[in-house]
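Indexing begins at 1, ligand by ligand and atom by atom, following the structure's order. Remember, predicted model here, so these are calculated numbers, not experimental data.
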Amino acid sequence: MIKIDDYKPIVGEEIVEELFLIGKQLRGKVVQNINSTSVGGGVAEILSRMVPLLQQLEIDARWDVIKAGEKFFTITKKVHNALHGVELEISQQELDYFLEVNNNNANSMALYGDIIFVHDPQPVALAEKKNEIGRKWIWRCHIDFSNPQEKIWHFLKSYIEKYDAAVFSAPAFARELSIPQILISPSIDPLSDKNKELSEQEIKSVFERFKIDMSRPIITQISRFDYLKDPVGVIEAYKLAKKYVDCQLVLAGGSATDDPEGEKVLNEVKEKASGDPDIFILLLPPGSDFEINALQRGSTVILQKSLREGFGLTVTEALWKEKPVIASAVGGIPLQITHKYSGILTTTIEGTAYWIKQLIQATEYALKLGKNGHEHVKNNFLITRHLMDYMLTFISLFHEKDVVHLD
Ligand code: UDP
């Protein structure tokens, strides 16, 4: 098991000591995380790393998942898309069903936390219980709220405002609310199977297994098969670039259990890619962290051509691995990439294709982007910083005054 002390060589001793110091203030408090899926996607990824580390800091952190079926997740996927600004209609019956599932969960699951830490919109209405049971409630939003559909925003807002505080990933996502808002970027864990160092041999073994030729350039996008990740646009950009430079394309991803659209998107992607032996569509089962790590490390260029994005952890992961990344300037990606310094920001298929060609050819420049990206992630987006931000947020809930004395 990974120990907090293992982070010392990466972030320095002082930071780890500070974590213990702050953690002491929360001893005895139960932090109950609640979300809607235990595997797939960025939220599950972060929680699976965060919860054990909080426990090592002697905070009683736990993680529960709401119970819901496909009908609910079809609705919440629509809510998710509408919050990302996609034009679509959500009926009153659908909203009623959304509330019914939340209500059933609120009544059937144990809400035992001193701090109830609810992640994303799916379980947001659990907070209706707050009047009855009290406790401190935080709503953590991991998605891009910069341009939500008004109607759905108003619907959610009435539940969000029941919380003691809301946490957003980037300044652009913050909305007008009657409760305090806190900005906390997500993070990656440098010691997880997905991000730890790998040997050349380990990396090679994965490419061999998938029959991908490492002697030719490889461009890769790791993402759930989701329209908003624009895998079809990735294929178009690759095809354009390929007119000028030899390359192979890897599209790797699985689906999250709370995302019912995955299969449809995957079928479209397969059709678009058919007949090209240089396109590799890899359907990864949950827990393919080692494979994702190796694919990212062994690729020449990493893409994240999302149309909308929450924070974009795949970008963080790739930058940590010193990879040149070409990504859309959406969601939290511009917080991670400064154009032409720590990666490349694009907005079009043509622009993406242009930069694929450039980065495959200008290897020194690509290397420099990757190194700068790594430094930026090290300073801002590692799990140790994230732990600290969460703990300070928890502490602040128990202090009405602005000043907290850590004695
Ligand atoms: N991921 C994964 N398996 C997949 C696809 C993605 O483990 O098949 C991981 C990916 O490495 C990253 C996270 O899921 O850690 C995705 O987070 P991101 O913020 O990029 O997007 P989200 O899926 O949350 O929209």
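- Assignment of Lys229 to the shell around ligand 1 is supported, since a heavy atom sits closer than 4.0 Å.
- No close placement of the Phe398 and Phe394 rings is indicated, their centers lying 6.0 Å or farther apart.
- At a heavy-atom cutoff of 4.0 Å, ligand 1 is contacted by no atom of Gln304, backbone or side chain.
- Two rings, from Phe280 and Phe210, have their centers 6.0 Å or more apart.
- Where the criterion is an N or O separation shorter than 3.5 Å, residue side chain and backbone included, Leu313 meets it with respect to ligand 1.
- Under 3.5 Å, the side chains of Asp189 and Tyr7 contain a donor-acceptor pair of N or O atoms.
- Ligand 1 places these atoms under 4.0 Å from at least one heavy atom of Gly253: 4 (C), 8 (O).
- Ring pair His142/His119 is parallel by interplanar angle, where below 30° counts as parallel and above 60° as perpendicular.
- Contacts of His142 with ligand 1, taken as heavy-atom pairs under 4.0 Å, are absent altogether.
- Considering backbone and side-chain N/O of Gln296, none are found under 3.5 Å from N/O of ligand 1.
- In summary, Arg135 and Asp164 do not engage in a salt bridge, as defined by a charged side-chain N under 4.0 Å from a carboxylate O.
- Of all the listed residues (Lys194, Gln221, Arg224), Lys194 holds the heavy atom that lies closest to atom 1 (N) of ligand 1.
- Taking a 4.0 Å cut-off on heavy atoms, Gly312 registers as neighbouring ligand 1.
- Remark: ligand 1 and Gly254 share an N or O pair separated by less than 3.5 Å (distance only, no angle test).
- Shortest non-hydrogen contact noted between Ile203 and Gly298 is CG2-CA, 3.8 Å.
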